[in-house]
Each structure stands twice: as structure tokens, then as C-alpha cells.
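We count ligands from 1, going down the list as the structure has it; atoms in each ligand are counted the same way.
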Amino acid sequence: MNTRLLDGRSLASEIREETTRRAQALSAQGTPPSLSVISATEDEGSQWYVRSIERAATKLGIDCAVIALGPNASVGALNDALDEAALSTHATILQAPLPPGIDGPTLASRIPVERDVDGANPLSLGRLEAGLPAFAPSTAAAVIALLDNHRISISGRHVVVVGRSLVVGKPLTQLLLGRDATVTVCHSRTVDLARHTRRADILVVAIGRPGLVRAEHVGPNAVVIDVGTNTASDGSLIGDVSAEDVLASSPSTRITPVPGGVGPVTTALLLRHVVEAAEALGSRFGGDGRKL
Ligand SMILES: NC(=O)c1ccc[n+]([C@@H]2O[C@H](COP(=O)([O-])OP(=O)(O)OC[C@H]3O[C@@H](n4cnc5c(N)ncnc54)[C@H](OP(=O)(O)O)[C@@H]3O)[C@@H](O)[C@H]2O)c1
């Protein structure tokens, strides 16, 4: 195995095993962990992702209900689905993209924080910022878990995060600050991106532009975490970093592969969050105590 590739599959497998054990314990007590996934899109990638979450959840012993409202769903219908999810399951995911004109953060404010397993409610982000318990978006949490798993220290290191979305860049920045990193955040208006990224001890790239980050963006001993998932013209999955270029030009750089890096850890952590929510909530589902 190439030791310069920071694999995520073995960590994901460990997380899944632990999650399965915890899900079995909950089921034995009569309350299997449960998840609602609310989707309002015909986007193929998104639908594929929802099916993969459903399959993975079922394998681990999590009851998963997919509520597909279609791309013309109204705000009212989405609100109703979110309210019903909070009454009937332990955890809720609001799948992106949403129909045009519907504001994601406003809608996600309806997900109770204790069930917000993918950190979509802006309150969850605020709580993370204040150092209070909340679920972080699983991708942001996956970056930290991967660094820890590969024994890459975070405290005192200079981490450059490229991307400032609510799903990855912003929550990750809070998690990194919470681990005493010095953080620089770059985005599409950053002037001379390479000047910033070259200074990183740890470079996290979450842009959504295949291969945008190349050797000239990476310092000689950097660790690179490639969050990007883009579909190449041949249908394969590729990251935001041109890994071959980076590995060839700097002999000690380490990098996460795409696929097989952040992605599998993200899914595994998302489902662990579901079990954590279920452990905390027990048989409390909602106002009228209804269960699935
Ligand atoms: N592996 C996983 O599990 C997982 C999960 C989530 C996302 N992803 C992937 O991660 C990537 C990012 O996702 P996202 O949801 O965060 O995307 P997003 O919401 O589109 O945000 C992209 C970010 O990249 C910045 N950006 C765009 N072009 C740039 C450039 N040329 N230079 C520097 N910054 C630039 C944008 O800046 P502005 O803010 O200025 O527009 C924005 O902050 C995508 O490939 C997505 O598929 C993977």
C-alpha cells in the first residue's frame, strides 16, 4: 500500500462495526435507531447518495425512512415532512439540493438540534462555535477523524481550509479551532490562492472543482485532505486535488485518495451520529410520543 495515501476505508469499517454493536444494543432494548431522509430533488447524484445511505443504514441495523417529495415540493410540504420526521424517528437528514427558491438553512432550522445528525440547523453550527454539544456535519467531522486516525497532530499546526460552505468549510474551521489549530480560510475571492495554501501544514480542499489544486499549491511536507467529489468525463469519481501531480512533485506530501478517503468516513460517521441521537433520546420521539 502507498503509505503516502491516507486511507479512509479501514477507519470507516471500524466505525461501522462499533455503530452496529451500539445499534444492536438499542434494538435489544426495544428501540432500534431510526432515521428520516427527506429529499426533494431528481438530481441523480443526490438520489444515488440517498440510496447508499439507506442501504448502509439498513446494514447497520438502523431503520431508515426515505421521504421523496419530488423537485416541485413546496416549503409547506417540506416543513410538514420535517415535523413528521421529528415525531417518528430519532434523526433527520435534509438532502440537498432543494427546489429553487427554498432557503436551506431556514428550512433546516426546523430540525431539532438533538436530531440534527448532519449539522444542518444553523443552531448546530452556532453551538459548535460556542463549544456546546451539537452534531457537526459529518464531512467536517470526517476530516478531523481521519487526521486523528493517521496520528496527524492538529494542535498548533497551520491548517488552510479552501472552501467556506456551511456543510464543510465553516463547521470544519470551528472544529479545527476547537483543536487549537491556526486556521486560514480561502474561497473563490481569495487572491493568489497558492500563496496561502503553500504555507499550510495541513491543507483541506473542499471546492467542487476537479483537480484545481496542483503541485504549485502544496508545500513540501504538507498533509492534504481532499474533500472534493466530482464526476470525471469517464464517470469515475475524482477529487479537487490533482493527487498524481502533487505526489510526484513533493516526495513527503501525504494525501487522502478519492475515492476511499473522506467519503467512506463521512457516511460511517453520519450513521454513528444517528445511533448517538437514538442513545440520547431513547424512546422519546416527539410531542405526542409516536413511534415509527
Ligand atoms: N466526501 C464527502 O463526503 C463530501 C461531502 C460534502 C461535500 N463534498 C464535496 O466537497 C466539495 C465542496 O462541497 P461544498 O458543498 O462545500 O461546495 P459549495 O457549497 O459549492 O462550496 C464550495 C466552496 O469552494 C469555494 N470555491 C469555489 N471556487 C473556488 C476557487 N476557484 N478557489 C477557491 N475557492 C473556491 C467557494 O467559494 P465562495 O464561498 O466564495 O463561493 C465555496 O466556499 C464538492 O466537491 C462536494 O461534492 C464531499
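- The closest protein non-hydrogen atom to atom 7 (C) of ligand 1 is Val168 CG2, 4.1 Å.
- A side chain to side chain contact (heavy atoms under 4.5 Å, CB included) with Asn230 is found for exactly one of Val258, Leu212, Ile238, namely Ile238.
- Of the options Ile38, Val274, Leu270, a side chain to side chain contact (heavy atoms under 4.5 Å, CB included) to Ile93 is made by Leu270 and by none of the others.
- Of all protein heavy atoms, the one lying nearest to atom 31 (N) of ligand 1 is Leu212 CD1, 3.6 Å.
- Distances shorter than 4.0 angstrom do not occur between any heavy atom of Gly169 and any atom of ligand 1.
- Considering Ile202, Leu175, Val160, Val161 in turn, Val161 is the only one that fulfils the side chain to side chain contact (heavy atoms under 4.5 Å, CB included) rule with Val183.
- A salt bridge is absent between Arg209 and Asp240; no separation between the charged side-chain nitrogens and carboxylate oxygens falls under 4.0 Å.
- The protein non-hydrogen atom at the shortest distance from atom 47 (O) of ligand 1 is Thr229 OG1, 2.7 Å.
- Counting protein heavy atoms only, atom 29 (C) of ligand 1 is closest to Ile207 CG2, 3.4 Å.
- With a 6.0 Å radius and a threshold of 12 heavy atoms from other residues, nucleotides or ligands, Glu18 has its CD atom above the threshold.
- For Asn230, every heavy-atom contact with ligand 1 shorter than 4.0 Å involves the side chain, none the backbone.
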* Could you walk me through whether Val204 and Val162 pass side chain to side chain contact (heavy atoms under 4.5 Å, CB included), step by step? => CA-CA 6 Å; Val204 184; Val162 190; over 6 Å; no
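- Which parts of ligand 1 touch Arg209 is read off a 4.0 Å heavy-atom cut-off, strictly below it: atoms 27 (C), 28 (N).
- The heavy-atom pair separating Arg110 from Leu82 by the smallest distance is CB-CD1, 3.9 Å.
- The proximity of Thr266 to ligand 1, defined as any non-hydrogen pair under 4.0 Å, is limited to the side chain.
- If you check which protein heavy atom lies closest to atom 1 (N) of ligand 1, you get Val227 O, 3.5 Å.
- Annotation for ligand 1: atoms under 4.0 Å from non-hydrogen atoms of Gly163 are 23 (C), 24 (O), 43 (O).
- Nearest heavy atoms, Gly219 versus Thr253: O-OG1, 3.7 Å.
- The shortest contact between atom 32 (N) of ligand 1 and any protein heavy atom is with His187 O, 3.9 Å.
- Minimum interatomic distance between Arg214 and Asp245 (heavy atoms only, all atoms of both residues): CB-OD2, 3.2 Å.
- For Ala215 against Ser249, the heavy-atom pair with the smallest separation is CB-OG, 3.0 Å.
- Between Asp148 and Arg179, at least one side-chain N (NZ, or NE/NH1/NH2) sits under 4.0 Å from a carboxylate O, which counts as a salt bridge.
- For ligand 1 and Val162, the ligand atoms under 4.0 Å from any heavy atom of the residue are 33 (C), 34 (N).
- Scanning all protein heavy atoms for the shortest distance to atom 11 (C) of ligand 1 gives Gly208 N, 3.6 Å.
- Distances shorter than 4.0 angstrom occur between a heavy atom of Gly263 and an atom of ligand 1.
- From the protein, the heavy atom lying nearest to atom 37 (O) of ligand 1 is Ser188 N, 3.1 Å.
- In the candidate list Ala96, Ala142, Ser165, Ser165 is nearest to atom 15 (O) of ligand 1, counting heavy atoms.
- At a heavy-atom cutoff of 4.0 Å, ligand 1 is contacted by no atom of Thr190, backbone or side chain.
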